[in-house]
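What follows is a short report on a single structure.
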Amino acid sequence: MSEKKNYRKTLNLPKTAFAMKANLTQREPQIRKSWEKQKMYDTIRAQRENAPKYILHDGPPYANGDIHMGHVINKVLKDIVLKYKTMLGYDTPYIPGWDCHGLPIEVKVMAELGEKALDMDKLEIRKRCQKYASKYVKLQSKQFSDLGVFADYKNPYLTMKPSYERGILEVFAELVEQGIVYKQLKPIHWSIGCETALADAELEYKDISSPSIYVNYPVDADTKAKMCELGLCNQDEENVYFMIWTTTPWTLVANLAVAAHPSIEYTSLRYDIGGKKCVSIVAAQRAEAIAKARGLEEGQYSISDVRVRGEELEKLRYKHPFVEKNPTENDAYFVINALYVTVEDGTGLVHIAPGHGSDDYMAGQSYGLSIYSPVVDNGDYDETVPEFLKGQNVLKVDPVVIEKLEDLGLLFARKDILHSYPHCWRSKMPVIFRATEQWFISVDKKVANRGKSLRELALDSTSDVKWIPAWGEKRLRGMLESRPDWCISRQRVWGLPIPAFYNSNGDTLLTAESVRATAKYIGEKGSNGWFSDSPKEILGEDFKLPEGFSWDDLHKEENIFDVWFESGCSWHSVAKAAGWDVPVDLYLEGSDQHRGWFQLSMLPALGATGKPPFKSVLTHGFTVDAKGMKQSKSLGNYVNAQEEIQKYGSDILRLWVSSVNYQEDMRCNDEIIGRLQDAYRKIRNTLRYLFSNIDDFDPTTQAVATKDMVEIDRWALSQYKKLIEHVLAAYEDFAFHKVFSLIYNFVTVDMSNIYMDVLKDRLYCDAKESQLRRSAQTTMHIILDGLIRLISPILVHTAEEAWGNLKFKSQDVETVHLALMPKADSVDIDSSNDAKWDIILEIRDEALRSLEALREAKEIASNQEAMIVVSSNNQEIMEALEMIGEEQFASLCIISEAKFEKSDTDTVIKASKSPHSKCERCWNYLPSVGSISESPDLCQRCADVVNCS
RNA sequence: GGGCUCGUAGCUCAGCCGGCUAGAGCGUUCGCCUGAUAAGCGAGAGGUCGGAGGUUCGAGUCCUCCCGGGCCCA
């Protein structure tokens with residue numbers, strides 16, 4: 001046997017500098033460094049200087065801690081949107097923001113200071129807070145930038161910057177002018193641990209055990225007479241009570257009324273306590289359950305047949321169980337009617353303490369009750385309470401109250417119940433309701449120059465906004481319909497002061513003019529000045545004080561703004577200030593911001609401008625663990641974003657973000673993210689293959705016109721054209737997981753499984769300069785150039801690397817992120833042959849199956865050892881096959897030969913081992929092998945190639 | 001407890017207005033190739049569409065209830 005010749009070097013084997021191994025953790029930082037060097041954000045902005053703007057206004061994350069998966073999702077989604085819009089030709093400024101004021105930072109700083117804090121004044125503490133916030137702004141900037149997110153990191157917006165603060169006050173001045181800002185005593189959530197009012201967002205609900213007690217309130221003589229008339233008791237019965245139920249015994253001292261539902265039926269429950277015969281009025285539906293609560297057996301109690309509606313009880317009076325004298329200025333201790341009373345639990349008679357409950361407050365308001373709250377900041381009772389309670393702390397006093405009631409013989413029953421109760425997010429202590437003086441923005445008062453309340457304006461305008469997903473509108477409306485007035489004051493130091501002044505009479509100076517004067521001052525000096533300078537310095541000497549105020553008798557408000565009000569003004573402080581059109585195009589945040597930033601930006605904007613601040617609002621969900629459960633550090637199912645980024649690289653994290661449907665919960669753990677490496681490798685290898693086979697190709701001189709192409713190249717272009725259409729549509733819909741799956745499927749199926757595999761013979765074995773090979777290269781070049789651009793908003797680093805490797809680019813731009821997206825109609829191909837190709841690919845599938853059978857039978861190893869005969873009576877099939885011909889069909893199946901035969905039976909595909917010899921160069925088994933005398937081991941094509949070169 | 005929302009193969013997703021034996025890719029199993037090689041190709045297995053009722057000739061798709069998540073609130 002003659003020795004086999006090595007024809008390897010006569011082939012056009014792939015060659016490229018685009019490495020197979022991504023090495024993302026090393027390569028990405030280099031790419032980012034070069035972006036930084038070229039000031040890529042500024043460069044892109046400059047290139048789009050005169051282009052129409054697309055404004056995505058950043059919501060400010062809190063300047064505290066490392067970034068987590070929530071940040072990754074949020075920032076990557078934003079970056080995908082902006083990179084995509086940039087590639088449509090828009091100018092896309094992106095000013096990143098941070099929420100810098102507020103309790104978490106203050107608490108952290110105070111903890112770090114420890115005892116030292118006691119000797120420091122507010123200003124010193126504030127400076128520490130500022131330093132703390134700045135540190136995390138810097139850290140998070142770096143971490144966002146490391147994700148490949150382009151932004152104006154050098155000029156971020158910080159809610160603690162004087163210019164930003166001025167903006168807040170400008171909006172506030174507007175709201176003051178519209179008459180919707182007011183100050184009032186009102187029960188609010190109060191943190192005893194932090195001695196401050198808390199926002200709804202600062203509450204955490206936890207299950208705790210509380211005493212649940214049934215208490216008898218004795219009726220007075222007049223009431224008893226009335227109740228005898230109603231048939232609820234008899235004259236000779238001495239112990240007649242209204243029975244209430246509560247889980248907060250400490251609030252009983254502040255009780256001012258008992259509420260009954262006007263249409264619920266009440267009756268009398270009779271029983272003995274230690275031989276004392278008692279009659280308690282309760283809701284009829286609850287009577288039996290109440291008796292059981294004391295453990296009374298059948299026969300130990302009786303329920304009257306008499307039924308009296310709650311409205312009949314209105315104004316009936318009782319005696320407070322242990323408060324001798326009404327401590328308030330207004331009448332108290334009588335039955336009122338309230339619609340929120342239920343018979344789900346309790347007695348159907350509700351203890352009302354207007355200073356310590358939201359419902360209580362509202363019910364009390366309509367009956368002229370005082371707002372009595374005998375509790376000081378640290379949770380101790382004040383001097384107005386009975387002796388046995390004075391100085392006690394409300395969180396510890398429940399047993400004392402219960403014991404007292406027991407002594408008085410007024411405690412009917414007690415047990416402990418487990419219920420969900422609000423806690424302070426910082427101190428973790430239970431929160432109480434307590435009435436204090438607070439500043440509010442009214443949602444129900446008419447905004448002066450608009451004739452409608454903020455609530456009405458907001459509800460009217462939700463339909464002007466595009467909500468993505470659409471249910472966001474319903475959700476927000478629900479919240480708007482039920483939200484109370486916005487309590488905007490906090491008793492803390494790290495924040496923007498509420499710019500009010502008082503004289504010694506307690507009169508308040510807060511006008512649009514005074515706020516604007518303060519805004520001007522703070523815009524120059526920053527809010528620290530509020531704590532150091534005098535009212536005169538702040539308002540300015542020229543400021544005309546209203547009547548009743550004088551410079552000598554003026555002191556400053558100590559409360560600061562709720563941070564939500566600060567961030568809620570960013571549309572003014574940032575967007576307006578930057579000269580952008582407001583409403584801006586897009587707000588994009590987690591769905592928790594329906595209640596937070598979206599709503600709380602809408603309200604100030606509507607009050608000040610009459611319009612919502614955004615045209616569209618896109619929300620995403622949250623990460624959950626592999627089982628769909630909430631992630632938390634304590635449960636051990638927490639995914640550390642920094643670790644993942646360091647392990648896999650940013651492009652993998654970005655690819656993961658793009659792969660999931662962010663509108664729902666996103667399951668996430670290391671394994672799920674790690675799996676994206678496979679997808680990444682497939683995409684990368686596809687790019688590499690394309691690169692490696694066009695290395696010798698110059699499209700400017702060697703391109704083949706579409707009409708002269710091989711049919712399968714036209715098929716590839718047609719698939720590519722559809723890809724562009726679908727991908728761009730998906731980007732336009734913000735459906736990035738569709739972008740991902742479209743591209744991934746195109747890469748794996750159309751490219752890798754079919755096209756690139758089929759092409760090998762042509763690319764490797766045909767003559768280097770042959771039109772057949774150039775046809776393939778023309779196609780590959782077009783697809784490569786476009787594919788890089790289509791994927792670039794997601795794989796920002798890899799696309800940039802690939803773009804840099806592209807010798808002949810469709811566009812002369814310094815970064816792929818400045819290139820324009822490919823356009824489907826620029827691909828010169830029509831889809832007229834698509835239907836035929838569907839048939840051809842079906843036949844191919846069947847052919848491959850029959851080849852698999854041949855391989856299983858050990859008749860062949862490689863498909864090239866085989867040939868196939870397709871016989872059919874189906875004209876459609878035969879026409880499709882004829883379109884590409886036998887030779888191309890063979891190459892499509894990567895077999896040596898194919899034959900088509902018309903028959904009178906159904907389609908039959910017969911695979912068999914080729915009778916011919918193997919060409920040692922292209923490894924096909926062809927009749928021509930052996931027939932060429934000078935190259936007996938080659939086929940005709942290979943002999944021609946080898947001998948001509 | 002309330003509002004909004006989700007629940008289709010191991011994973012990530014399709015499945016429009018109800019209509020063939022519920023699809024794709026990945027992963028997995030088995031096999032092939034060794035001229036994309038820490039690559040590539042092929043074939044196979046995998047789902048009582050969260051559960052139970054109901055409407056319908058027909059339901060993953062519509063309705064009711066239940067179970068289990070998530071966000072927000074109480």
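Residue numbers start from 1 in every chain, and the chains themselves are labelled A, B, ... in the order their sequence lines are given, proteins ahead of strands. These numbers come from the heavy atoms of this one structure, side chains and all, not from hydrogens, waters or symmetry mates.
Comparing the P positions of G50(B) and C6(B) gives an interatomic distance of 13 Å, to the nearest angstrom. Across the P atoms, C20(B) and U34(B) are found 44 Å apart, a figure rounded to whole Å. Rounded to whole Å, the C1' atom of G47(B) lies 16 Å from the corresponding atom of U12(B). Only the C1' atoms considered, C49(B) is 35 Å distant from A74(B), to the nearest whole Å. The same atom, C1', is picked in G7(B) and in C13(B); the two are 14 Å apart, to the nearest Å. The separation of C17(B) from G31(B), taken at their P atoms, amounts to 45 Å, rounded to a whole angstrom. Look at the P atom in both U8(B) and G58(B): the space between them is 26 Å, to the nearest Å. Taking the C1' atoms as reference points, C62(B) lies 24 Å from G69(B), given to the whole Å.
Map Asn753(A) and Ala679(A) each onto its nearest nucleotide of RNA chain B; the residue landing nearer the 5' end is Ala679(A). In terms of position along RNA chain B, the nucleotide closest to Asn693(A) lies nearer the 5' end than the nucleotide closest to the other residue of the pair Met629(A) and Asn693(A).
Within 4.0 Å of Ser659(A), counting heavy atoms only, lie sugar-phosphate atoms of the nucleic acid but no base atom. Heavy atoms of Ser752(A) sit under 4.0 angstrom from at least one base atom. Counting non-hydrogen atoms under 4.0 angstrom, Arg921(A) reaches a base of the nucleic acid. Residue contacts shown for Lys682(A) are limited to sugar-phosphate atoms, with no base heavy atom under 4.0 Å away. At a threshold of 4.0 angstrom between heavy atoms, the contacts of Tyr689(A) include nucleobase atoms, whether or not backbone atoms are also involved. Within the nucleic acid shown, Asn863(A) has no heavy atom closer than 4.0 Å to any nucleic acid atom. Nucleic acid contact class of His594(A) (heavy atoms, under 4.0 Å, all strands): none.
Using modelled atom types and a 3.5 Å distance limit, the side chains of Tyr680(A) and Thr798(A) yield a donor-acceptor pair. Side chains of Thr10(A) and Arg921(A): a donor-acceptor N/O pair is present below 3.5 angstrom, by distance only. When only modelled atom types and interatomic distance are considered, Gln631(A) and Asp625(A) share no side-chain donor-acceptor pair under 3.5 Å.
Distance NE2 (His620(A)) to P (C6(B)): 17 Å, rounded to an integer number of Å. The CZ-C1' distance, from Arg667(A) to C71(B), rounds to 16 Å in whole Å. Look at NZ on Lys21(A): it is 11 Å from P on A38(B), rounded to the nearest Å. Computed from coordinates, the Asn74(A) CG to C71(B) P distance equals 16 Å when rounded to whole Å. Nucleotide C71(B) holds its P atom 17 Å from the CG atom of Asn661(A), rounded to whole Å. Across the protein-nucleic acid pair, Trp656(A) atom CH2 and C11(B) atom P stand 15 Å apart, rounded to whole Å. At whole-Å resolution of the value, CD in Glu852(A) and P in U29(B) are 17 Å apart. As a whole-Å value, the separation of Ile860(A) CD1 from C33(B) P is 10 Å.
Few gaps surround NZ on Lys206(A); more than 12 heavy atoms of other groups in view lie less than 6.0 Å from it. Heavy atoms from other residues, nucleotides or ligands lying under 6.0 Å from NZ of Lys428(A) number more than 12.
Proximity of Lys858(A) to the phosphate of C32(B): a side-chain N or O atom is located under 4.0 Å from OP1 or OP2. For the OP1/OP2 pair of G69(B) and a distance below 4.0 Å, the side-chain nitrogens and oxygens of Lys627(A) include no atom meeting the criterion.
Nearest nucleotide to the Asn685(A) side chain, out of G40(B), G31(B), C26(B): G40(B). The nucleotide whose nearest atom lies closest to any side-chain atom of Tyr744(A) is, among A39(B), C26(B), G70(B), C26(B). Proximity note for Asp592(A) (side chain, C-beta onward) versus C13(B), C71(B), C11(B): the nearest is C71(B). With G25(B), C71(B), G35(B) as the choices, the nucleotide that has an atom nearest any side-chain atom of Asn745(A) turns out to be G25(B). Across G70(B), G35(B), G25(B), the shortest atom-to-atom separation from the side chain of Leu13(A) is found for G35(B). Which of U37(B), G40(B), A39(B) sits closest to the side chain of Arg688(A) comes down to U37(B). For Leu848(A), the listed nucleotide lying nearest its side chain is A43(B); candidates were A43(B), U12(B), G40(B). Checking C11(B), A43(B), C13(B) against the side-chain heavy atoms of Arg849(A) singles out A43(B) as nearest. With distances taken from any side-chain atom of Arg675(A) to the nucleotides G25(B), C11(B), G31(B), the minimum falls on C11(B). For Trp923(A), counting side-chain heavy atoms from C-beta on, the closest listed nucleotide (U34(B), A36(B), G69(B)) is U34(B).
An anti orientation is assigned to G68(B), its glycosidic angle lying beyond 90° of 0.
Classified by interplanar angle (parallel below 30°, tilted 30° to 60°, perpendicular above 60°), the ring pair Tyr587(A)/Trp597(A) is parallel. Between Phe740(A) and Tyr744(A), the two ring planes are tilted [angle within 30° to 60°]. Ring pair His68(A)/His71(A) is tilted by interplanar angle, where 30° to 60° counts as tilted.
Base-pair partner of A39(B): not found among the strands shown (Watson-Crick or G-U wobble, both distances under 3.5 Å). Shown here, U64(B) forms a base pair with A52(B); the pair counts as Watson-Crick or G-U wobble because both key distances fall under 3.5 Å. Remark: C4(B) base-pairs with G70(B). Criterion, Watson-Crick or G-U wobble with two distances under 3.5 Å. Across every strand in view, A45(B) sits unpaired, with no contact that passes the Watson-Crick or G-U test at under 3.5 angstrom. If you check G25(B) for Watson-Crick or wobble pairing at under 3.5 angstrom, you find it paired to C11(B).
With respect to Asp757(A) and Lys760(A), a salt bridge is recorded, a charged nitrogen being found less than 4.0 Å from a carboxylate O.
Between His781(A) and Ile694(A), the shortest heavy-atom contact is CD2-CD1, 3.9 Å.
Between the base of G69(B) and the side chain of Asp665(A) there is a donor-acceptor pair shorter than 3.5 Å.
Among the candidates Thr686(A), Asp750(A), Asp713(A), the single residue satisfying the side-chain hydrogen bond (donor to acceptor under 3.5 Å, both in side chains) test with Tyr755(A) is Asp713(A).
Rounded to the nearest 0.5 angstrom, Leu690(A) CG and Thr779(A) OG1 are separated by 10.5 Å.
Contacts between residues 466-482 of chain A and RNA chain B, counted as heavy-atom distances below 4.0 Å, involve Trp471(A), Lys474(A), Arg475(A), Met479(A).
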